[in-house]
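Below is one structure, written out as structure tokens; the observations come after it.
Each chain gets a letter, A, B and so on, in the order its sequence line appears, and its residues count up from 1. Atom set for the values below is all heavy atoms of this structure, side chains included, hydrogens, waters and symmetry mates excluded. Quick caveat, the model's predicted, so the values are computed rather than measured.
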Amino acid sequence: MSDENETSVFDVLKRISDNEWEVPVGFKPGMNVPGRIFVSESLLNMLEMETLGQVANVATLPGIQKYSMAMPDAHLGYGFSIGGVAAFDKETGIISPGGVGFDINCGVRLIRSNLSEQDVRPKLSELLDDLFKAIPTGVGSKSRLRVTDAELEDIFVHGVQWAVENGYGVEADIAHCESKGQMPGADPSKVSAKARKRGRPQIGTLGSGNHFLEVQYIDKIYDEEAAAAMGLKEGQVTFMVHCGSRGAGHQICTDHLQILTSASKKYNISLPDRQLACAPAQSQEAQDYFKAMVCAANYAWVNRHVIMHWAREIFESHFANDFCDLGLDLVYDVAHNIAKLEEHKIDGKNTEVYVHRKGATRAFPPGHPDLPEDYLDLGQPVLIPGSMGTPSYVLCSTKDSMEISFGSACHGAGRVMSRKHAKKELRGEDIRDELSSRGIQVRATQPSLIAEEAPAVYKSSSEVVDVVHDLGIARKVARLLPMGVIKG
DNA sequence: ATGTGC
């Protein structure tokens with residue numbers, strides 16, 4: 001039932017440009033800066049008022065810089081919206097677990113190959129069966145890789161370096177992970193016994209929800225030069241891994257939320273929403289969370305690395321021979337849920353800020369010192385997974401990204417229908433058949449999970465990507481179409 | 001997202 005007098009987002013927002021909308025400081029009491037929503041007019045119709053309220057709430061937090069931002073795929077999240085980007089001054093700002101999310105370093109990686117769609121199509125069904133067998137999926141799934149407590153600590157601290165030293169992936173993979181897959185500043189002593197217990201058996205597991213491993217092919221190249229630099233061309237097969245830090249990251253978030261909830265009171269931070277629990281960036285409580293968050297981030301990079309390794313083995317078992325190098329190189333790996341201490345130019349001055357990206361991708365421009373050498377002139381690759389059955393995109397960051405959005409882009413399609421609603425409205429078997437008729441094969445533990453992730457429950461990934469492209473944050477390089485997907 | 005819900 002909709003009330004005619006209900007305020008719409010159009011009544012609140014002030015249009016700045018085609019794809020930029022401002023939430024004025026007066027919208028909610030206590031806003032320190034305006035909100036800034038990067039969205040097209042048509043996507044704005046799908047933006048919920050509550051999401052806008054969350055953007056405004058974040059603007060009230062101490063030390064926030066420039067704007068409380070939301071990407072075109074923004075939707076309601078825990079405290080901060082998913083698709084939210086907020087930078088807080090290193091000295092006067094705060095750190096908040098809600099600005100990162102429960103799935104710390106949920107992220108995406110893309111692996112290229114020398115195989116063509118025609119090579120893979122005839123063997124696709126067997127390939128997917130074997131991938132589904134090799135890579136555990138589902139909520140409570142456990143891995144065949146068992147690590148000791150000491151190894152887990154090593155993973156928390158050294159991330160992907162641990163993986164490569166232990167035979168998962170190769171040295172060349174490291175440079176193609178954001179932060180080299182080993183963010184500095186980890187302190188395992190800030191990770192509870194419970195989080196370790198949950199994390200130990202889950203290295204190399206996909207999890208559930210929107211997490212997946214997808215076999216794809218490139219159906220369109222937008223930028224030949226950039227595509228070539230990443231080793232991508234039309235008709236080529238790729239695979240994409242989307243997952244995070246599983247139970248470990250979830251427990252770390254839960255543990256520290258509790259600490260930061262009381263810290264918010266201790267430091268007299270008035271919160272419009274208790275889910276925004278936070279503490280001054282340099283406080284013991286905030287730093288402890290940050291050190292534990294880094295452990296979860298490094299864990300997630302190892303998780304994706306091990307999954308990639310097993311997937312490479314399966315591809316090799318099906319396609320490798322003495323005359324063919326499969327070229328299963330890691331194109332790039334990006335984090336979607338993370339907070340980082342970065343330097344940004346604010347009012348002409350270089351400033352250190354804790355950038356919180358929750359359901360948002362880092363997008364550093366050409367020439368940025370944190371980029372791998374071979375992408376330095378190109379700009380950071382940005383990987384945007386589509387929802388099940390819809391295209392994914394590869395973009396590369398452009399020079400204005402730092403100025404526009406603290407070097408950040410969107411992260412995906414963005415949910416429009418709740419899981420509960422989707423389960424009620426849609427049948428997994430129908431969705432599977434519909435996808436199958438379009439040549440897309442799905443392997444999942446339960447049909448209901450397919451319903452929850454159906455294409456209809458997400459915004460169009462193409463529209464979301466176009467906003468980021470048109471704004472000059474990251475430009476389109478390639479479009480990837482799904483062939484088959486394994487899910488929890 | 002999650003050994004799934006004050």
Side-chain angles (χ1 to χ4, degrees), chain A residues 51 54 73-84 96-109 136-143 146 152 191-213 241-258 261 273-275 277 289 292-293 295-297 299-301 303-304 307 334-339 356-361 385 387-388 411-424 428 444-446 448-453 457-458 486-488:
Chain A
T51 307
Q54 290 193 319
D73 47 340
H75 57 106
L76 211 63
Y78 181 91
F80 292 59
S81 74
I82 294 160
S96 175
V100 173
F102 277 86
D103 192 2
I104 297 165
N105 191 5
C106 178
V108 177
R109 65 173 51 193
T137 64
V139 181
S141 60
K142 294 195 173 176
S143 177
R146 289 306 156 103
L152 185 66
V191 178
S192 70
K194 204 171 173 184
R196 292 159 192 253
K197 192 183 172 202
R198 288 179 69 176
R200 256 183 64 175
Q202 293 188 320
I203 301 272
T205 64
L206 205 49
S208 186
N210 62 1
H211 291 166
F212 63 74
L213 186 153
V241 178
H242 180 197
C243 64
S245 50
R246 310 283 286 108
H250 190 274
Q251 191 63 47
I252 285 169
C253 181
T254 305
D255 293 339
H256 286 267
L257 263 175
Q258 198 179 352
T261 297
D273 175 355
R274 55 181 298 170
Q275 294 184 349
Y289 162 69
M293 183 215 73
C295 292
Y299 178 102
W301 272 306
N303 191 27
R304 292 195 285 276
I307 290 171
V334 290
H336 283 162
N337 285 4
I338 204 160
H356 293 56
R357 297 188 181 91
K358 180 187 189 177
T361 309
S387 52
M388 192 173 55
H411 89 305
R415 188 169 270 282
V416 288
M417 194 192 289
S418 72
R419 294 186 180 281
K420 202 172 147 185
H421 194 75
K423 261 202 270 199
K424 211 170 128 184
T445 45
Q446 286 170 52
S448 67
L449 295 164
I450 302 180
E452 289 179 38
E453 295 298 319
V457 312
Y458 285 95
I486 70 168
K487 298 190 65 70

Separation of A:K142 atom NZ from B:dT2 atom P, in whole Å? 15 Å

Whole Å only: how far is the NE2 atom of A:H256 from the C1' atom of B:dT2? 17 Å

Check whether any side-chain heavy atom of A:H336 sits under 4.5 Å from a side-chain heavy atom of A:H242, and report yes or no. yes

Measure NZ/A:K423 against P/B:dG5 and give the value in whole Å, please. 12 Å

What's the CZ-P distance between A:R274 and B:dC6, to the nearest Å? 12 Å

Answer with base, sugar-phosphate or nothing: what part of the nucleic acid does A:Q202 contact at a heavy-atom distance below 4.0 Å? sugar-phosphate

So what does A:G140 hit on the nucleic acid, given a heavy-atom distance under 4.0 Å: a base, only sugar-phosphate, or nothing? nothing

Sugar-phosphate, base or nothing in reach of A:S245, heavy atoms under 4.0 Å: nothing

Output side-chain donor-acceptor pairs under 3.5 Å for residues 73-84 of chain A, partner residues at least two apart or in another chain, one line each.
unit_1: A:D73; atom_1: OD2; unit_2: A:H411; atom_2: N; d: 2.9
unit_1: A:D73; atom_1: OD2; unit_2: A:H411; atom_2: ND1; d: 2.6
unit_1: A:D73; atom_1: OD2; unit_2: A:G412; atom_2: N; d: 3.0

If I take atom CG in residue A:L257 and atom P in nucleotide B:dT2, what distance separates them, rounded to the nearest angstrom? 16 Å

In whole Å, I'd like the distance from the CZ atom of A:F102 to the C1' atom of B:dT4. 12 Å

Whole angstrom value for the distance that separates C1' of B:dC6 from CD of A:Q258: 15 Å

Identify, with sequence neighbours excluded, every residue that meets salt bridge (charged side-chain N to carboxylate O under 4.0 Å, His left out) alongside A:R246. none

What does A:R415 touch in the nucleic acid at a heavy-atom separation under 4.0 angstrom: a base, only the sugar-phosphate, or nothing? nothing

Tell me the interatomic distance from A:Q275, atom CD, to B:dC6, atom C1', rounded to whole angstroms. 13 Å

Does the side chain of A:P136 reach to within under 4.5 Å of the side chain of A:L206, using non-hydrogen atoms? no

Please classify the nucleic acid contact of A:K197 as base, sugar-phosphate, or nothing, using heavy-atom distances under 4.0 Å. nothing

